[in-house]
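Atoms considered below: every heavy atom in the structure, side chains included; atoms not considered: hydrogens, waters and symmetry mates.
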Amino acid sequence: KNTFIPPEIQYRGSRTKVLANGRTYGLKDIKLVYPSMGQLLTELMAAATESAGIRCLALPPCDDIDLQLGKGNTSCKGCLPLILTTGTLLRYIQNREDEEELTCYLMSNPLEPCRISQYSGVLNEVIRKNQLKNVTVFSITDQNGYTGLGHRFRIKCWPAMVIAGLMEDIKNALMALAKDPE
């Protein structure tokens, strides 16, 4: 009989708790791990999260190892970002220094008709199937008040997203328009 029970996130108004190992944890007791959403955006969002007092890590951009891990743990019928986010989660867990760390893998969960709304379910199934100890998916939406991360988090995330978007646009324009991209 399988007794594996992954951590559970409880969203209650502006308060969020994580239930794991028979205990209740607050957000300051977890490690929030950001999948790569572009290097600059991921790093700026992690900095905004840390300013709210939550330990976090911005994962680096995906590579072939992440792709292979993702392919081996998904049906490959999903879009490429699902495969890559699955691979980066698994790679992080394989290499994390502390198995007792309560890891929450951040995943947005928009309500619009996009496949990304299915990522949390797929990732939770990967966690159960692989019995990943002390790992859960941390979903954020405007519907749950961004999971109790607080006003300070929201104020810092907006400029982080705008700055990262502008810098990415500038980089892409330079790469496309430069006489010599090097």
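Under the rule for a salt bridge (Lys or Arg N to Asp or Glu O under 4.0 Å), the partners of Glu100 that lie at least two apart in sequence or sit in another chain are Lys133. Applying the salt bridge (Lys or Arg N to Asp or Glu O under 4.0 Å) criterion to Asp63, with sequence neighbours excluded, gives Arg91.
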TODO: For the pair Leu59 and Leu89, evaluate side chain to side chain contact (heavy atoms under 4.5 Å, CB included) and give the outcome as yes or no after the intermediate values.
DONE: CA-CA 9 Å; Leu59 292 178; Leu89 170 64; over 6 Å; no
Open item on the list: Please determine whether side-chain hydrogen bond (donor to acceptor under 3.5 Å, both in side chains) holds for the pair Tyr119 and Ser139, giving the CA-CA distance in whole Å, both sets of side-chain angles, and the decisive distance to 0.1 Å.
Closed with: CA-CA 10 Å; Tyr119 287 19; Ser139 296; over 6 Å; no
Task: Verdict with supporting geometry, Val33 and Tyr92, side chain to side chain contact (heavy atoms under 4.5 Å, CB included) - done: CA-CA 9 Å; Val33 176; Tyr92 173 73; 3.8 Å; yes
Open item on the list: Please determine whether side chain to side chain contact (heavy atoms under 4.5 Å, CB included) holds for the pair Val18 and Gln10, giving the CA-CA distance in whole Å, both sets of side-chain angles, and the decisive distance to 0.1 Å.
Closed with: CA-CA 6 Å; Val18 181; Gln10 289 187 339; over 6 Å; no
Open item on the list: Working note: Thr103 + Ile30, criterion side chain to side chain contact (heavy atoms under 4.5 Å, CB included); need CA distance, chi angles, decisive distance, verdict.
Closed with: CA-CA 6 Å; Thr103 304; Ile30 67 166; over 6 Å; no
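Connection of Ile170 to Leu41 is not established within any shared hydrophobic cluster, with ILVMFWY side chains joined at heavy-atom distances below 4.5 Å, either directly or through further cluster members. The cluster map of Ile, Leu, Val, Met, Phe, Trp and Tyr, joined by side-chain heavy atoms under 4.5 Å apart, puts Tyr25 and Phe138 in the same cluster. Placement of Met45 and Trp158 within a single hydrophobic cluster is found when ILVMFWY residues are connected by side-chain heavy-atom separations under 4.5 Å, directly or transitively. Cluster membership check: Met167 shares its hydrophobic cluster with Leu174, using side-chain heavy-atom separations under 4.5 Å among Ile, Leu, Val, Met, Phe, Trp and Tyr.
Between the CG atom of Leu82 and the CG atom of Leu123 there is a distance of 6.5 Å, given to the nearest 0.5 Å. A distance of 13.0 Å separates CD in Gln68 from CG in Leu90, rounded to the nearest 0.5 Å. Taking CG of Asn124 as the reference point, atom CZ of Arg128 lies at 5.0 Å (rounded to 0.5 Å). Between the CE atom in Met107 and the OG1 atom in Thr136 there is a gap of 12.0 Å [rounded to 0.5 Å]. Considering CD1 of Ile9 and NZ of Lys17, their distance stands at 12.0 Å, rounded to 0.5 Å. Distance check: Met161 CE to Leu166 CG gives 12.5 Å after rounding to the nearest 0.5 Å.
Counting all heavy atoms, side chain and backbone alike, Ala164 lies closest to Leu40 at CA-CD2, 3.8 Å. Taking both residues in full, the closest heavy atoms of Asp66 and Pro61 are given as OD2-O, 4.2 Å, listed atom of the first, atom of the second, then distance.
For the side chain to side chain contact (heavy atoms under 4.5 Å, CB included) criterion with Leu102, the lone passing option out of Asp29, Val135, Asn134, Leu32 is Asn134. Of the listed residues (Thr85, Leu84, Thr86), just one forms a side chain to side chain contact (heavy atoms under 4.5 Å, CB included) with Thr74, and that residue is Thr86.
In this structure, the side chain of Ser36 does not engage the main chain of Cys62 through any donor-acceptor pair within 3.5 Å. In terms of modelled atom types and a separation under 3.5 Å, the side chain of Asn73 and the main chain of Gly87 share no donor-acceptor contact. Thr49 contributes no side-chain N or O that, together with a main-chain N or O of Ile54, makes up a donor-acceptor pair within less than 3.5 Å. In terms of modelled atom types and a separation under 3.5 Å, the side chain of Asn172 and the main chain of Asp169 share no donor-acceptor contact. Listed for the Arg96 side chain is a donor-acceptor partner under 3.5 Å among the backbone atoms of Glu101.
When the shell of 6.0 Å around CG of Asp64 is examined, it contains 12 or fewer heavy atoms from other residues, nucleotides or ligands. More than 12 heavy atoms of other shown residues, nucleotides or ligands fall within 6.0 angstrom of atom CD in Glu125.
Using a 4.5 Å cut-off on side-chain heavy atoms (C-beta onward), Lys31 and Cys104 make no contact. Using a 4.5 Å cut-off on side-chain heavy atoms (C-beta onward), Ile93 and Ile127 make no contact.
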